[in-house]
Amino acid sequence: MKNKEIAKLLYEIADYLEIKDVNYKPRAYRKAAGNIEALTEDIENIYERGELEEIGGVGEAIAKKISEYLETGKLEYYEKLAKDLPVNIEELTSIEGVGPKTVKKLYNSLGVETLEDLEKAAEEGKVAQIKGFGEKVQKNILENIKVAKRGRERRLLGKVFPLVEDLKQRLLDKDVFNRVTIVGSYRRRKPTIGDVDVLATAKKSEEAMDEFCALGDVVEILAKGDTKSSIILSGGIQVDIRIVEEEAWGSALMYFTGSKDHNVSLRSKAKGRNWKLNEYGLFGPEDDRLASKSEKEVYERLDMSFIPPELRENTGEIKAAEKDSIPVLVEEEDIRGDLQVHTNYSDGSGTIEQMVERALDKGFEYLLISDHGPSLKIAGGLTEEEFEEQAEEIEQVKDRFGVEILHGIEANITKDGLDISKDWCDRCDILCVGMHDRPDDPTERILSIFDEYPIDIFVHPLGRRFFSREPLDINLDRIASKAEEEHISFEINSQPERLDLDWQNVKKYRDKLKYVISTDAHSKEQMNFMHLGVSQARRGWCSKENILNTQPIDGVRSYLNG
DNA sequence: GCCGTTTTCGGCCCGACTGTTTTCAGTCG
């Protein structure tokens with residue numbers, strides 16, 4: 001998968017062009033790079049289908065460059081730019097406060113090509129000598145090099161969630177704060193999060209800043225001002241806060257929630273009417289305030305319906321809002337049951353009874369127990385005898401709880417088919433299948449399984465894990481079409497490191513397929529992950545109707561058997 | 001270089017902050 005590689009190439013071209021004072025092109029290259037980075041499909045497949053220009057921000061010229069790179073492994077345009085300024089631009093601009101222009105200056109006056117060169121020059125006091133730079137610049141560079149070396153890590157939404165909610169509550173508990181909302185990519189529920197951004201109103205903003213920086217688990221204060229501060233908490237996570245006036249709450253929420261592209265589009269719209277949109281409000285030609293109190297007010301003044309944060313990625317939501325066709329998104333309360341949990345029969349830690357109790361607590365009407373099939377030895381996959389034992393235990397537990405307990409299995413797709421017999425399949429109330437290895441021909445394997453077995457749910461379709469496992473190289477178009485024919489549902493898996501099917505694909509296939517949102521819980525606590533799966537369904541524009549397990553169990557069955 | 005219910009050509013978001021400056025360039029979000 002060369003997506004990241006190509007994105008990096010385009011980002012670097014953008015930097016080079018910026019150094020050369022070229023207008024607008026850098027933005028175009030960055031936009032294309034950002035969209036390529038966000039693809040879940042291998043760009044080589046897109047190239048082979050001749051659909052490069054379908055990618056947002058990719059036009060004729062950039063498509064041609066990508067093709068050249070994929071065909072030859074090189075890009076002449078890039079090589080030429082790099083020759084004029086032979087520096088490690090990505091590394092150098094990763095230092096906070098160092099952008100393309102600074103890189104150029106450093107190279108021209110000191111011959112700085114790498115991060116090491118820069119560190120050496122700064123330590124020797126040479127940076128401060130450059131015209132336009134001073135002691136402070138030099139000192140900041142030295143400090144920020146340390147941060148850049150550590151690398152800017154991202155974290156899983158599901159892992160930071162409890163921490164962030166706790167932080168929010170601790171701030172709200174303090175008298176000086178009035179409103180506190182976590183904004184940024186967290187509010188949009190992006191699967192991975194960089195920094196945490198907090199927006200607040202306060203009785204006295206200076207006092208609020210004092211309280212914020214004095215939180216018990218603050219290990220470092222990066223910046224502290226009257227309305228804006230930045231800290232690092234003991235887990236290493238950076239939290240930025242911004243205090244705004246009550247009157248500007250809505251426009252500030254929009255501004256700090258982003259995404260950047262969404263904001264840019266909105267401002268463009270405002271500008272088209274000779275208005276101006278910023279974090280303080282929507283203003284008319286005479287700087288008269290048209291809206292700012294609530295997000296809804298601002299959107300409506302722009303003749304749009306309210307856009308839920310999860311949709312604000314500039315992927316069509318603005319147009320939809322103008323036509324008042326934003327879907328009513330699914331909510332966690334709509335979910336009536338969990339259709340994939342594991343127990344201590346395989347690699348889960350909870351007993352059947354514990355899992356059922358938790359399901360009851362959560363108000364679920366049904367629960368599917370689906371431990372691993374026999375071939376997944378590492379996860380303690382069930383033998384057929386164990387499956388029968390489990391069936392008996394379920395029968396006993398059933399009578400004691402008012403929850404419908406379904407018995408199934410998460411069968412493993414192997415090179416010979418499934419790891420359970422067809423007879424065994426028939427004894428499952430609901431049959432889940434998943435791919436747990438990485439064969440050369442995953443698409444063919446999946447398609448033939450779909451043909452041969454009475455499958456209900458295809459779990460974690462991409463097989464990806466954030467930070468550790470790339471998505472499978474599969475042809476989802478073909479698999480989704482087959483699934484549509486066979487009434488096979490795709491899972492949206494709520495595990496923080498999976499969130500698979502990916503939200504972009506969720507959006508793509510939502511009119512074709514029915515999804516189930518499952519926790520894939522391996523303990524009773526993990527059944528609380530449901531909201532994460534729901535958030536990704538929301539990012540994929542799903543309403544209740546797109547999600548099978550918002551229906552009573554009879555509805556689920558009739559679709560899957562249909 | 002991309003893109004289109006104002007445009008196939010002429011536009012392309014906005015403000016804060018910093019450090020270095022006497023009016024601004026660069027960077028960031």
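All values below were derived from every heavy atom in this structure, side-chain atoms included, with hydrogens, water molecules and symmetry-related copies excluded. Just so it is clear: chains get the letters A, B, ... in the order the sequence lines come, proteins before strands, and each one is counted from 1.
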TODO: Please work out if A:K64 contacts a base, only the sugar-phosphate, or nothing of the nucleic acid, heavy-atom cut-off 4.0 Å.
DONE: nothing
- [ ] Verify the distance criterion only: is there a donor paired with an acceptor across the side chains of A:E90 and A:Y11 at less than 3.5 Å?
- [x] no
TODO: Examine the side chains of A:Y509 and A:D477 and answer whether a donor and an acceptor come within less than 3.5 Å of each other.
DONE: yes
- [ ] Between B:dA25 and B:dT21, how far apart are the P atoms? Round to whole Å, please.
- [x] 14 Å
TODO: May I ask whether A:Y24 stacks on the base of B:dC12, given the cut-offs of 5.5 Å between ring centres and 30° between planes?
DONE: yes
- [ ] Using a 4.0 Å heavy-atom cut-off across all strands, classify A:E18 as base, sugar-phosphate, or nothing.
- [x] nothing
- [ ] Measure from the side-chain heavy atoms of A:A28 and tell me the nearest of B:dC2, B:dC17, B:dT18.
- [x] B:dC2
- [ ] Tell me which nucleotide among B:dG26, B:dG1, B:dA16 gets nearest to the side chain of A:R242.
- [x] B:dA16
TODO: Return yes if the base of B:dG29 and the side-chain atoms of A:Y255 contain a donor-acceptor N/O pair under 3.5 Å, otherwise no.
DONE: yes
Task: Counter-base of B:dC9, judged by Watson-Crick or G-U geometry with both distances under 3.5 Å - done: B:dG4
Task: Whole-angstrom distance between B:dT5 and B:dG1, as gauged at atom C1' - done: 24 Å
Open item on the list: Heavy atoms only, 4.0 Å cut-off, all strands: where does A:L277 land among base, sugar-phosphate and nothing?
Closed with: sugar-phosphate
Open item on the list: Categorize A:K31 for me: base, sugar-phosphate, or nothing, with a 4.0 angstrom heavy-atom threshold over every strand shown.
Closed with: nothing
Open item on the list: Between P on B:dC17 and CD on A:E96, what's the gap in Å once rounded to a whole number?
Closed with: 15 Å
Task: Whole-Å gap separating C1' (B:dT20) and CD (A:E135) - done: 13 Å
Task: P-based separation of B:dT22 from B:dC17 [nearest Å] - done: 22 Å
Task: A:K512 NZ: over 12 foreign heavy atoms closer than 6.0 Å - done: yes
TODO: Please work out if A:V137 contacts a base, only the sugar-phosphate, or nothing of the nucleic acid, heavy-atom cut-off 4.0 Å.
DONE: sugar-phosphate
Task: For atom CG of A:D261 and atom C1' of B:dC12, their distance in whole Å - done: 13 Å
Open item on the list: It should be established whether A:K271 places a side-chain nitrogen or oxygen under 4.0 Å from OP1 or OP2 of nucleotide B:dC12.
Closed with: yes
- [ ] Whole angstrom is fine here: how far is it from CD in A:Q238 over to P in B:dC28?
- [x] 13 Å
Open item on the list: Could you check whether A:D287 pairs with A:K276 (Lys NZ or Arg NE/NH1/NH2 to Asp/Glu carboxylate O, under 4.0 Å)?
Closed with: yes
- [ ] Classify the nucleic acid contact of A:S265 as base, sugar-phosphate or nothing, counting any heavy atom under 4.0 Å across all strands shown.
- [x] nothing
Task: Below 4.0 Å: OP1/OP2 of B:dT27 and any side-chain N or O of A:T102 - done: yes
Open item on the list: Assuming nearest nucleotide by heavy-atom distance, tell me which of A:L17 and A:Y280 is located more 5' along DNA chain B.
Closed with: A:L17
Open item on the list: Side chain of A:K136, heavy atoms from C-beta onward: which of B:dT20, B:dC2, B:dG26 has the nearest atom to it?
Closed with: B:dT20
Open item on the list: Testing A:R538, A:R539, A:K260, A:R189 one by one against A:E313 for a salt bridge (Lys or Arg N to Asp or Glu O under 4.0 Å), which residue passes?
Closed with: A:R539
Open item on the list: When you measure from the side-chain N and O atoms of A:K260 to the phosphate of B:dC14, is any distance below 4.0 Å, counting only OP1 and OP2?
Closed with: no
Open item on the list: What contact category does A:P100 fall into here, base, sugar-phosphate, or nothing, at under 4.0 angstrom with non-hydrogen atoms?
Closed with: sugar-phosphate
TODO: Between A:V103 and A:R273, name the one whose nearest nucleotide on DNA chain B is closer to the 5' end.
DONE: A:R273
Task: Geometric cation-pi criterion, A:K203 with A:F177: 6.0 Å, 45° - done: no
TODO: In whole angstrom, give me the gap between the P atoms of B:dG11 and B:dA16.
DONE: 27 Å
Task: Closest nucleotide among B:dG19, B:dT27, B:dG15 to the A:K101 side chain - done: B:dT27
Open item on the list: From the set B:dC2, B:dT5, B:dG15, return the single nucleotide nearest to any side-chain atom of A:K319.
Closed with: B:dT5
TODO: Considering only atom C1', compute the distance from B:dG4 to B:dT8 and round it to an integer number of Å.
DONE: 8 Å
Open item on the list: In whole Å, measure the gap between the C1' atoms of B:dG26 and B:dT20 for me.
Closed with: 11 Å
Task: C1' spacing across the pair B:dG15 / B:dG10, given as an integer number of angstrom - done: 25 Å
Task: Within 6.0 Å of NZ in A:K31, more than 12 heavy atoms from elsewhere - done: no
- [ ] Identify whether any heavy atom of A:K25 sits under 4.0 Å from a base atom; if not, whether one sits that close to sugar-phosphate; answer base, sugar-phosphate or nothing.
- [x] base
Open item on the list: Please check if the number of heavy atoms outside A:E60 that lie under 6.0 Å from its CD is greater than 12.
Closed with: no
Open item on the list: Applying a 4.0 Å non-hydrogen cut-off, can you work out what A:N23 is touching in the nucleic acid: base, sugar-phosphate, or nothing?
Closed with: nothing
Task: Spacing of the C1' atoms in B:dC9 and B:dC14 (rounded, Å) - done: 25 Å
Open item on the list: Categorize A:E60 for me: base, sugar-phosphate, or nothing, with a 4.0 angstrom heavy-atom threshold over every strand shown.
Closed with: sugar-phosphate
TODO: Indicate, with a heavy-atom threshold strictly under 4.0 Å, whether A:I19 touches base, sugar-phosphate, or nothing.
DONE: nothing
TODO: Check the distance between B:dC12's C1' and A:N263's CG and give it to me in whole angstrom.
DONE: 16 Å
